[in-house]
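For the numbers below, each heavy atom of this structure counts, side chains included, while hydrogens, waters and symmetry mates do not. Order of the sequence lines fixes the chain letters, A, B, ..., with proteins taken first and strands second; residue numbering starts at 1 for each chain.
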Amino acid sequence: MLDEETKLTLRVVFPHKVLPYLLVAPQLAITLVFFYWPAGQALYQSMLRQDPFGLKSKFVWFANFRKVLADPAYLNSIKVTVVFSLATAIVAMAVALLLAVMAEKVVRGKALYRTLMIWPYAVAPAIAGMLWLFLFNPSIGSLSYVLRSLGIAWDPLLNGSHAMILLVSAAAWKQISYNFLFFVAGLQAVPKTLIEAAAIDGARETKRFWTIIFPLLAPTTFFLLVVNTVYALFDTFGIVHAVTGGGPGKTTETLVYKVYNDGFVNLILGDSAAQSVILMVIVIALTAIQFRYVERKVHYG
Amino acid sequence: MATVDLNDVRKVYAGGVEAVKGVSIAIPDKQLCVLVGPSGCGKSTLLRMIAGLETISSGTVAIDGKIVNAVGPTERDIAMVFQNYALYPHMKVYDNMAYGLRNRGTPKAEVDSRVRSTAKVLELSGLLDRRPRELSGGQRQRVAMGRAIVRNPKVFLFDEPLSNLDAKLRGQMRVEIKSLQRRLGVTSVYVTHDQLEAMTLADMLVVMNAGLVEQIGAPLDIYEKPASTFVASFIGAPPMNLLSLSTESSANELERKLLGLAPPGGQAAMLGFRPEDAELVADAEDRSGALMLSATVEAVEPVGAETFLHCSAAGNRIVIRVGGRTAAKPGDKLRITATAEKLHWFDRGGRRLDSTSPSS
């Protein structure tokens with residue numbers, strides 16, 4: 001029989017002490033093998049410097065970090081990443097919000113419209129990248145033909161800004177579906193009577209959107225801002241790799257892509273490890289923000 | 001200010017459901033018109049059509065003599081108090097009240113003075129910097145009222161504004177709404193399902209049922225001369241006692257009692273009297289010109305100043321009101337009388353039988 005207190009707290013009491021540890025063991029093992037071990041390796045690696053042939057390595061403390069942070073190419077990569085992430089997040093969110101607001105107005109075929117809107121999310125990043133690459137390829141792309149006939153000298157292979165625009169478009173396009181879903185849900189959560197009250201209070205549609213609906217979407221918008229930034233920072237390797245490969249020059253080399261380039265292409269393992277440790281710190285900071293502000297969203301009411 | 005005229009207004013929803021089936025009401029200037037009826041009777045739909053939140057399927061709605069069928073809610077110059085208050089949760093009380101004025105391009109200084117003076121009237125001055133979630137139910141209700149009043153619109157619309165408040169607060173706000181409406185002299189339409197609220201607030205009472213108007217009139221006129229059995233049982237608490245004259249069990253006894261109480265024309269199918277119009281009598285003698293009933297007490301409900309006796313009489317359940325305390329217990333046999341002028345007669349269709357019937 002359970003005693004009174006146990007029943008109240010609904011605590012599960014195991015018959016002997018080993019079982020609970022056995023039950024958590026697989027989870028712990030996976031975390032240890034696939035997260036703590038590689039993370040520890042990266043941390044260790046980031047303080048080593050190897051000769052070009054990988055014959056011997058030297059422990060150099062934080063020299064790799066000092067070198068990386070003083071490297072103009074790395075600072076450029078930070079700038080590229082910030083521009084790319086913000087542009088992707090803003091474009092993806094703005095377009096998704098516009099489409100979600102439009103979807104609210106659709107009377108017939110609402111479900112079909114929404115389903116079609118969600119499809120791009122199922123496309124793998126590299127595939128999405130290839131799709132955009134072909135569309136905007138300077139020599140065979142159908143959309144670049146249109147751009148050129150409009151008098152725009154479209155060339156993402158040589159022009160860094162064009163490459164960035166192409167990259168942002170591809171990355172944002174893939175994320176629009178996800179944002180669309182959240183905005184549709186967010187819009188549905190705005191009480192209808194508030195919009196009616198605002199209409200009676202003399203606010204026309206545009207005014208109602210900016211003074212009532214948009215502020216009430218703030219929790220959704222903030223959540224998506226974090227999610228989209230994280231996406232643009234870390235989940236766009238496939239797109240960058242497929243579309244520009246970091247070029248032309250280093251104009252589209254994001255931090256994640258640079259880790260890959262330095263580590264696996266140029267084989268400078270120490271620098272690459274130091275960069276990935278910096279990225280790890282950024283991820284931890286972003287996660288902290290997410291837990292602190294997003295998990296308990298701004299609530300009204 | 002403004003009159004509100006509804007002319008044969010109908011609302012048919014896309015699925016073919018007819019919520020309002022042809023309603024005509026003429027509300028004079030400065031009057032408080034209460035639409036009352038059970039849920040689903042179309043009263044809220046009608047209010048929303050006046051507000052412009054629902055399209056009008058046929059018929060016309062006119063505010064201040066101008067037909068507004070094609071005018072959106074933004075341009076109708078009305079204010080509405082919603083059941084859930086619909087306060088803007090991200091705005092402070094001040095901004096909630098100022099919103100409508102700002103949208104109409106009122107100068108900043110005037111917005112400020114109007115918001116502050118309205119807040120003073122509603123005792124909200126200390127709360128202007130709070131957000132709606134920091135207010136109690138009663139305070140939110142006041143802010144919703146304030147938001148309506150501050151704009152000084154042509155018409156106020158109230159959609160069951162008190163139904164989310166507790167009984168005590170509801171009583172207070174009822175009195176406040178009435179005195180405020182009198183003082184401001186703004187034509188108002190008020191929707192409620194609570195007959196007590198309807199009776200106490202209305203200058204003009206409209207009883208609705210199943211999308212149609214059952215009766216329009218002053219509250220006490222309706223109470224005294226209900227146009228139908230529906231109105232008789234909806235207005236008044238406890239409702240009017242209705243005795244069926246056609247059921248097998250009651251026919252013989254009742255018809256004997258009713259000799260000499262001839263209905264004023266037509267074939268009466270129902271007889272009604274108010275709980276307070278019945279008297280207990282000690283003697284078993286039948287009085288001429290009065291209804292006499294034998295009743296058995298089934299339950300006693302003392303509420304302080306009065307006591308309600310739930311009885312069965314002639315196969316019907318009836319309620320009798322007696323003043324103060326009573327010695328009656330369940331199982332007691334009583335003799336009940338009601339004089340002829342206190343009786344209400346209804347025909348088979350439930351319509352009032354009365355030469356001076358005010359029914360529409």
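Considering all non-hydrogen atoms of both residues, A203(A) and N103(B) come closest at CB-ND2, 3.4 Å. Minimum heavy-atom separation, I200(A) to A51(B): CD1-CB, 4.2 Å.
Interatomic distance, T193(A) OG1 to Q83(B) CD, rounded to the nearest 0.5 Å: 10.0 Å. The line from NZ of K207(A) to OH of Y99(B) is 6.5 Å long, rounded to the nearest 0.5 Å. Rounding to the nearest 0.5 Å places OG1 of T74(B) at 9.5 Å from CD of E205(A). Atom CD1 of residue I195(A) and atom OH of residue Y88(B) lie 10.5 Å apart, to the nearest 0.5 angstrom.
Counting heavy-atom neighbours within 6.0 Å of L75(A) CG, excluding the residue itself, gives a total above 12. Around atom NZ of K66(B), no more than 12 heavy atoms belonging to other residues, nucleotides or ligands sit under 6.0 Å away. Enclosure of atom CE in M280(A) by more than 12 non-hydrogen atoms of other residues, nucleotides or ligands within 6.0 angstrom is indicated.
Residue pairs that meet the salt bridge (Lys or Arg N to Asp or Glu O under 4.0 Å) test with at least one member in residues 67-78 of chain B, sequence neighbours left out, are R204(A)-E75(B).
Residue L101(B) does not touch chain A at all, counting heavy-atom pairs closer than 4.5 Å. Neither the backbone nor the side chain of D159(B) comes within less than 4.5 Å of any heavy atom of chain A.
Considering only heavy atoms from C-beta on, E196(A) stays 4.5 Å or farther from M80(B) through its side chain.
Chain A forms more heavy-atom pairs under 4.5 Å with one residue of R104(B), M91(B), R147(B) than with any other, namely R104(B).
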For this session: Under the side chain to side chain contact (heavy atoms under 4.5 Å, CB included) rule, what do D201(A) and R151(B) come out as? Steps first, then yes or no, please.
Result: CA-CA 9 Å; D201(A) 262 343; R151(B) 284 207 355 246; 3.0 Å; yes

